[in-house]
Amino acid sequence: MIEIFIEDLNQKFTFNEGITLKDILKNLNGKFKDVVGGKLNSEIVDIHTPINQSGNLKFLKKEDKESLEILRHSLAHIMAQALKEIYGDENVHLGIGPTTEHGFYYDVEIEGKRLTDEDLPQIEEKMKEIIKKGYQIERFELPREEAIKFFENKKEIYKIDIIKHNIPEGEPISLYKQGDFVDLCRGPHLPSTDKAGAFKLIYVSGAYWRGKETNPMLQRIYGVAFWSEKELKDYLNMLEEAKKRDHRKIGKDLELFLIDEEIGGGLAIWLPKGAIIRKEIEDAWKKEHLKRGYQLVYTPHVGKEQLWQTSGHLSLYQENMYPRMQIEEEGYYVKPMNCPFHVEIYKSKQRSYKELPIRLAELGTVYRYERSGALHGLMRVRGFTQDDAHIICREDQVEDEIREVLNLALNTLKSYGFDEFEVYLSTKPEKYVGDDKMWEIAENSLRKAIESTGLDYKIDEGGGAFYGPKIDVKIKDAIGRLWQCSTIQFDFNLPERFDMYYIGEDNQKHRPYMIHRAIFGSIERFIGVLLEHYAGFLPVWLSPVQVKIIPIADKHLEYAETVKQKLLENDIRVELDDRNERMNKKIRDAELQKIPFMLVVGDKEAETGTVAVREKGKQGSQTLSIDEFVSKIKEIISNKHAL
RNA sequence: GCCGGUGUAGCUCAGUCGGCAGAGCAGGUGAUUUGUAAUCACCAGGUCGUGGGUUCAAGUCCCACCGCCGGCUCCA
């Protein structure tokens, strides 16, 4: 017997083991008609799942977010059934069909058919038919051998693979059936197909079986799904919105950067306006780092073969490096990382314990080989600039250093308008270098630093690199997407390989701790994220053009010029639109260029020494004296405000 | 790299069944001198991604390659 506390009734019941939600609901005489599943403790169950343990049960209805899991799971099955009906049961071999954040996909192999987007409407139609038919969805179990035999008969080789490799011996093998369609599945599923909500198939693509390149490539059909048409529509609109925010489009429209096939894929050129954004970010970065006791350095883009041999990059990282080049009998490599150079700076003289911590910082441009299919605008490139630094310190300094770095990272990201973070702590993997005590000190300092911020974090047990544990920080942008930025990483490998040491109080050599860290990760990518976050409407301090002066007619050009000079004297980035165009046209163009301030000057302004200030996106204007405007915008700039 | 899609003027795109390569914006010239999101006229702009093939004839059909887009993989 098991005891189930049903939250919706606020009452405890005793049932036989193996009871299902369906039975429970039946006992309640159909009082809960709209229940699509349940949540037993923290696990989502459907109405078919036998319940074998006592616990808390909450009915899931459509309003409950978690019920989407059930809907999407069933839609994956409905899609699979549709594919089998269209292309023939024996031709369609099913892979996996999981749910995703907004929908579901199914990886399938279809003999004799390569799907394209044009096939999607037909599949959708068939799915709708299946939904309309309202097949009851049933769950049943088979013994392992029978299950394998069952799928062998159906030539479902991937399902057999799953049974053999993913389901431990002795565990029950559950299958779900709707109409003639049967699939290996642990659920959860809807009571019947006609309970399915609104969905749309959005693309097909290739996906390796089990994500492994050496495995055959299956066809992935991806759908989005919600309970209501409205939610679906909202989501599709959001996708459209994301498309408008695409930094590649904004970069082109606002002439910020260029990625051109003549130059090479993944190699970004910064145009004058984009270069300003980058300069502002880099200047602020340098200023902040100097304030916090970092020393700025510059290192070359290539280094000798021996250096990369010593660092271990040639044996561990070579597949990401560009090939060797030969210069006068010597081999050289373009740098994929800055670390070895910073290590050499440390080693350039004997170090005393009194000098530590040493914090070496560099906006170092590195080059890494990326496969052509992986390149994506500024987000994924082959040459990028890391806001890199290496902290070399004593054991007793580790904790403070980590806390300071995390503090710097979060404060910096906040100053760019990001205030939602996801923090991950990755700990010691199976294979590692360094001794256990160092790992322990390092992991503890990382954990303590995160806990001091009060942020939630996730632990990736065993997810650290072989050379040290790390913290990763992801930021959430305006439309809810996550981007990896900061990383704080211990390195127990390089100090060993390069024999780094300092002379301690005891006059003995000691091995220092080395911490590798970046706040933005990559400047290029960070700017890409900024552009998408702000949809191109950057905060005023980052705007390439902060003010556009718009004379009404040619006769106002002279006054406009004096306004421009006044702003230039105050370090404000200003352009004068002296084209022979109508004011309306100039305003429109300035709006399209996402320029935060427009100053319209005509007879009135020239006479009174004022400007008519129009803020981007707002109609109408406010008349201010030139000085008033200057102090207003200067304040906005120094506070890094967005409009 | 792999799967699918796609490639026409600086940009956004049209181009029917294979039959003389188009529009809007941007650019140039001129007119106009304008009060809060597009003034008008004229001009110029093309190896239709590249290379092969089929055909009397290819932007259009076929093949290969390249780039880009969406995924897979990988990751800053």
Side-chain angles (χ1 to χ4, degrees), chain A residues 105 107 109 114-120 202-222 239 243 246 248-249 252-253 255 258-266 319-320 336-337 364-366 368-388 472-474 483-487 489 516 518-526 528-529 550-557 579-593 598-605 612-623:
Chain A
Y105 65 80
D107 285 349
E109 187 176 67
R114 279 190 182 170
L115 293 170
T116 73
D117 288 350
E118 275 138 49
D119 297 313
L120 296 181
I202 55 173
Y203 62 71
V204 288
S205 76
Y208 300 108
W209 171 238
R210 295 187 181 278
K212 261 185 124 165
E213 271 181 278
T214 46
N215 284 341
M217 182 167 272
L218 308 183
Q219 308 192 65
R220 172 168 300 178
I221 311 170
Y222 188 92
L239 286 185
K243 219 183 259 175
D246 192 319
R248 292 166 300 187
K249 177 167 170 48
K252 194 180 269 182
D253 289 348
E255 296 179 8
L258 187 68
I259 296 175
D260 188 275
E261 66 170 293
E262 300 276 317
I263 297 155
E319 58 189 32
N320 298 296
M337 294 189 196
T365 303
V366 297
R368 298 182 187 174
Y369 167 70
E370 294 290 347
R371 297 191 280 185
S372 55
L375 302 176
H376 179 92
L378 293 177
M379 305 301 196
R380 198 69 191 281
V381 289
R382 285 179 172 162
F384 63 98
T385 306
Q386 289 184 309
D387 62 317
D388 207 0
D472 288 316
V473 179
K474 291 184 181 179
W483 301 97
Q484 157 90 52
C485 289
S486 309
T487 177
Q489 193 145 3
H516 171 105
I519 310 296
F520 302 129
S522 144
I523 303 277
E524 285 79 1
R525 189 228 279 247
F526 186 69
V529 173
I550 299 177
I552 288 177
D554 286 354
K555 63 178 171 178
H556 307 117
L557 273 174
R579 294 175 302 169
N580 179 5
E581 287 288 352
R582 293 179 56 179
M583 178 201 64
N584 278 335
K585 167 72 166 163
K586 295 181 184 179
I587 288 173
R588 178 184 155 80
D589 286 347
E591 287 282 357
L592 292 176
Q593 287 295 303
M598 282 158 262
L599 301 183
V600 175
V601 293
D603 287 338
K604 276 187 274 177
E605 290 73 20
V613 183
R614 179 187 166 114
E615 282 185 24
K616 172 215 76 200
K618 293 184 189 159
Q619 296 194 337
S621 66
Q622 183 192 11
T623 301

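Any value given below was found using the heavy atoms of this structure, including those in side chains, with hydrogens, waters and symmetry copies removed. Order of the sequence lines sets the chain letters (A, B, ...), proteins ahead of strands, with each chain counted from 1.
Rounded to a whole angstrom, the distance from the C1' atom of B:G59 to that of B:U50 is 14 Å. Nucleotides B:C75 and B:C11 place their C1' atoms 32 Å apart, quoted to the nearest Å. To the nearest whole angstrom, the two C1' atoms, one in B:C68 and one in B:G53, are 25 Å apart. When the P atom is compared between B:G49 and B:G7, the two are found 8 Å apart, to the nearest whole Å. Remark: the separation of the P atoms in B:C61 and B:A26 is 33 Å, to the nearest Å. Only the C1' atoms considered, B:A38 is 41 Å distant from B:A76, to the nearest whole Å. Separating the C1' atom of B:C63 from that of B:C72 is a span of 27 Å, rounded to the nearest Å. The P atoms of B:U6 and B:G15 are separated by 14 Å, rounded to the nearest whole Å.
Of the residues A:K616, A:K586, A:R614, A:K618, the one that meets the salt bridge (charged side-chain N to carboxylate O under 4.0 Å, His left out) test with A:E591 is A:R614.
Proximity of A:R248 to the phosphate of B:G70: a side-chain N or O atom is located under 4.0 Å from OP1 or OP2.
Among the atoms of the strands shown, none is found under 4.0 Å from any heavy atom of A:I202.
Rounded to an integer number of Å, the gap from A:Y105 OH to B:G70 C1' is 16 Å. Atom CG of A:D119 is separated from atom P of B:C3 by 17 Å (rounded to the nearest Å). B:U50 atom C1' lies 10 Å from atom CD of A:E261, rounded to whole Å. Going from atom CD of A:E109 over to atom P of B:G4 covers 13 Å, rounded to whole Å. The distance between atom CG of A:D260 and atom C1' of B:G49, rounded to the nearest whole Å, is 12 Å. If you measure from atom OH of A:Y222 to atom C1' of B:G5, you get 18 Å, rounded to the nearest angstrom. Taking atom CG on A:D253 and atom C1' on B:C13, their separation rounds to 15 Å, with Å as the unit. What separates CG of A:D107 from C1' of B:G4 is a distance of 14 Å, to the nearest Å.
With sequence neighbours excluded, the residues forming a salt bridge (Lys or Arg N to Asp or Glu O under 4.0 Å) with A:R248 are A:D246, listed by chain and number. Taking A:D253 as the reference, A:K249 meet the side-chain hydrogen bond (donor to acceptor under 3.5 Å, both in side chains) condition, with sequence neighbours excluded.
Sorted by first and then second residue, the salt bridge (charged side-chain N to carboxylate O under 4.0 Å, His left out) pairs involving residues 379-388 of chain A (not counting sequence neighbours) are A:E370-A:R380.
Note that CD1 of A:I259 and CG of A:L375 are 8.5 Å apart. Values are rounded to the nearest 0.5 Å. Atom CD in A:Q484 sits 13.0 Å away from atom CZ in A:F526 (nearest 0.5 Å). To the nearest 0.5 Å, the span separating CD1 on A:I552 from CG on A:N584 amounts to 10.0 Å.
Other residues, nucleotides and ligands contribute more than 12 heavy atoms inside 6.0 Å of the CD atom of A:E615.
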Pairs under 3.5 Å (Watson-Crick or G-U), crossing ones as [ ], inter-strand ones as |: RNA chain B comes out as (((((((..((((.....[..)))).(((((.......))))).....(((((..]....))))))))))))....

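A pairwise comparison of heavy atoms in A:R210 and A:N215 identifies CB-ND2, 3.9 Å as the closest pair.
Comparing A:G266 and A:Y369 along RNA chain B, the residue whose closest nucleotide (by nearest heavy atom) sits nearer the 5' end is A:Y369.
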Which atom pairs link the protein and nucleotides 71-76 of chain B when you take only N or O atoms and keep those under 3.5 Å?
{"unit_1": "B:G71", "atom_1": "O2'", "unit_2": "A:S205", "atom_2": "OG", "d": "2.4"}
{"unit_1": "B:C72", "atom_1": "O4'", "unit_2": "A:G206", "atom_2": "O", "d": "3.2"}
{"unit_1": "B:C72", "atom_1": "O2'", "unit_2": "A:Y208", "atom_2": "N", "d": "3.1"}
{"unit_1": "B:C72", "atom_1": "N4", "unit_2": "A:G373", "atom_2": "O", "d": "3.4"}
{"unit_1": "B:U73", "atom_1": "O2'", "unit_2": "A:R371", "atom_2": "NH2", "d": "3.3"}
{"unit_1": "B:U73", "atom_1": "O2", "unit_2": "A:R371", "atom_2": "NH2", "d": "2.9"}
{"unit_1": "B:C74", "atom_1": "O2", "unit_2": "A:R380", "atom_2": "NH1", "d": "2.2"}
{"unit_1": "B:C74", "atom_1": "O2", "unit_2": "A:R380", "atom_2": "NH2", "d": "2.4"}
{"unit_1": "B:C74", "atom_1": "N3", "unit_2": "A:R380", "atom_2": "NH1", "d": "3.0"}
{"unit_1": "B:A76", "atom_1": "O2'", "unit_2": "A:R525", "atom_2": "NE", "d": "3.2"}
{"unit_1": "B:A76", "atom_1": "O2'", "unit_2": "A:R525", "atom_2": "NH2", "d": "3.4"}
{"unit_1": "B:A76", "atom_1": "N6", "unit_2": "A:E370", "atom_2": "OE2", "d": "2.9"}
{"unit_1": "B:A76", "atom_1": "N6", "unit_2": "A:R380", "atom_2": "NE", "d": "3.2"}
{"unit_1": "B:A76", "atom_1": "N6", "unit_2": "A:V381", "atom_2": "O", "d": "2.9"}
{"unit_1": "B:A76", "atom_1": "N1", "unit_2": "A:V381", "atom_2": "N", "d": "3.2"}
{"unit_1": "B:A76", "atom_1": "N1", "unit_2": "A:V381", "atom_2": "O", "d": "3.4"}

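The closest donor-acceptor contact from the side chain of A:E524 to the backbone of A:V381 lies at 3.5 Å or more, if one exists at all. Remark: side-chain polar atoms of A:R368 are not paired, donor with acceptor, to backbone N or O of A:N320 under 3.5 angstrom.
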Does A:R525 form a side chain to side chain contact (heavy atoms under 4.5 Å, CB included) with A:W483? I'd like the steps, not just the answer. CA-CA 9 Å; A:R525 189 228 279 247; A:W483 301 97; 4.0 Å; yes

Item to complete: Output, in order, the C-alpha distance, side-chain angles, deciding distance and verdict of side chain to side chain contact (heavy atoms under 4.5 Å, CB included) for A:V204 and A:Q219.
Response: CA-CA 7 Å; A:V204 288; A:Q219 308 192 65; 5.7 Å; no

Given protein heavy atoms under 4.0 Å, the one-letter contact record of nucleotides 35-43 of chain B, with B base, S sugar-phosphate only and - none, is simply BBBBB----

